[in-house]
Amino acid sequence: MTEKNFSVFASGTFGDWAKAELKLPDGRSVLGKRFLKDIIGSTGCEISLNALPAGKSVPFFHAHKENEEVYIFLGGEGEMQVDGEIVPVREGSVVRIAPDGLRCMRNTGGEDLLSIVIQVREGSLRQRNREDGIIPEAPVSWVA
Ligand code: ZN
């Protein structure tokens, strides 16, 4: 049996994202956060799906040792604070933060603040798009 070249995870609706429960090593849990690396078997990046409830802030600042993060906001309204600077965010906002940036996020709206966060080692991307892509000669067919 050969291993497939892909993995699939159904994360559900954004409403389902809010119900996801992340268990912390100290026994506490965080609602509305789910990491995907172990679920989908990604090897180069960590991805989290996040639904921060209305009126809530992440309860701590954090930075990273070597990973940068890209926050992609899908809905809601909020603010990111990075090194003391406050940036408003909403659907469509994309924020990249270097590892050293001391960051936090809060929801300032009335709906869940929805985001996807991609975490990857800073400086690790060696090629992309045309340098990395391979387009075979065969035409597209949807017949399996
Ligand atoms: Zn982080």
Side-chain angles (χ1 to χ4, degrees), residues 1-82 87-144:
M1 184 176 131
T2 57
E3 195 170 319
K4 288 184 178 181
N5 282 323
F6 65 93
S7 56
V8 176
F9 172 63
S11 70
T13 65
F14 291 150
D16 294 331
W17 287 20
K19 296 177 210 149
E21 186 173 3
L22 174 68
K23 303 271 189 199
L24 300 175
D26 65 6
R28 291 180 302 160
S29 63
V30 177
L31 274 178
K33 186 168 193 72
R34 177 182 279 140
F35 286 105
L36 297 183
K37 179 186 176 299
D38 293 337
I39 295 173
I40 62 171
S42 57
T43 64
C45 66
E46 176 62 279
I47 301 166
S48 64
L49 308 180
N50 307 282
L52 186 64
K56 296 287 185 186
S57 171
V58 173
F60 51 85
F61 286 106
H62 82 283
H64 280 266
K65 293 174 185 169
E66 57 181 23
N67 293 344
E68 66 182 21
E69 287 180 321
V70 178
Y71 291 69
I72 303 170
F73 290 91
L74 307 175
E77 292 179 29
E79 293 175 331
M80 292 215 65
Q81 185 179 159
V82 185
V87 179
V89 294
R90 59 185 309 150
E91 177 180 339
S93 299
V94 179
V95 180
R96 181 262 175 189
I97 305 176
D100 285 345
L102 201 56
R103 72 209 66 179
C104 193
M105 170 170 65
R106 72 174 176 175
N107 185 337
T108 58
E111 308 288 329
D112 288 341
L113 179 60
L114 301 165
S115 65
I116 295 174
V117 181
I118 300 168
Q119 185 183 136
V120 64
R121 194 173 76 205
E122 185 178 50
S124 64
L125 189 63
R126 289 192 299 258
Q127 72 285 319
R128 65 192 175 99
N129 300 342
R130 276 187 291 185
E131 295 97 51
D132 193 61
I134 299 167
I135 301 175
E137 293 288 327
V140 171
S141 168
W142 288 95
V143 178

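All values below were derived from every heavy atom in this structure, side-chain atoms included, with hydrogens, water molecules and symmetry-related copies excluded.
- Looking only at side-chain heavy atoms (C-beta outward), Leu102 and Val82 stay at 4.5 Å or farther from each other.
- Exactly one residue among Leu74, Leu52, Thr108 makes a side chain to side chain contact (heavy atoms under 4.5 Å, CB included) with Leu113. That residue is Leu52.
- The main-chain N or O of Arg106 is never found under 3.5 Å from a side-chain atom of Ser57 such that the two would form a donor-acceptor pair.
- Taken to the nearest 0.5 Å, the CZ atom of Phe73 stands 10.0 Å off from the CG atom of Leu114.
- In terms of the ring pair (Phe, Tyr, Trp, His ring centres under 6.0 Å) criterion, residue partners of Phe14 (sequence neighbours excluded) are, by chain and number, Trp17.
- Judged by distance alone, with hydrogens and angles left aside, the side-chain atoms of Asn107 form a donor-acceptor pair with the main-chain N or O of Glu111 at under 3.5 Å.
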Listing, residues 130-144 side-chain donor-acceptor contacts under 3.5 Å, not counting sequence neighbours, or none:
from: Asp132; atom 1: OD1; to: Gln127; atom 2: NE2; distance (Å): 3.1
from: Ser141; atom 1: OG; to: Val143; atom 2: N; distance (Å): 3.3

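- Applying the side-chain contact (heavy atoms from CB on, under 4.5 Å) criterion to Ala98, with sequence neighbours excluded, gives Arg96, Glu122.
- The heavy-atom pair separating Ser124 from Val120 by the smallest distance is OG-CG2, 3.6 Å.
- Between Ser7 and Ile40 the shortest heavy-atom distance is OG-O, 2.6 Å.
- Within a 6.0 Å sphere centred on CG of Asp100, other residues, nucleotides and ligands contribute 12 heavy atoms or fewer.
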(message) If you apply the rule side-chain contact (heavy atoms from CB on, under 4.5 Å), what do you find for Glu46 with Asn67, and how did you get there?
(response) CA-CA 10 Å; Glu46 176 62 279; Asn67 293 344; over 6 Å; no

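- Atom CZ of Phe9 and atom CD1 of Ile47 lie 11.5 Å apart (nearest 0.5 Å).
- To the nearest 0.5 Å, atoms CE (Met105) and OH (Tyr71) are separated by 6.0 Å.
- Here the shortest heavy-atom pairing between Ile118 and Cys45 reads CG2-CB, 4.4 Å.
- The structure places NZ of Lys19 at 6.0 Å from OG1 of Thr13, a figure rounded to the nearest 0.5 Å.
- Of all the heavy atoms in Ala63 and Pro99, the pair that sits closest is CB-O, 3.5 Å.
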Side chains of residues 87-95: which donor-acceptor partners sit under 3.5 Å, not counting sequence neighbours?
from: Ser93; atom 1: OG; to: Arg90; atom 2: N; distance (Å): 3.0
from: Ser93; atom 1: OG; to: Arg90; atom 2: O; distance (Å): 3.0

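- Note on residues 27-39: pairs passing side-chain hydrogen bond (donor to acceptor under 3.5 Å, both in side chains), not counting sequence neighbours, are Glu21-Ser29, Asp26-Arg28, Lys33-Ser48, Lys33-Asn50.
- Applying the salt bridge (charged side-chain N to carboxylate O under 4.0 Å, His left out) rule to Glu69 yields the partners Arg103; only residues at least two apart in sequence or on another chain are considered.
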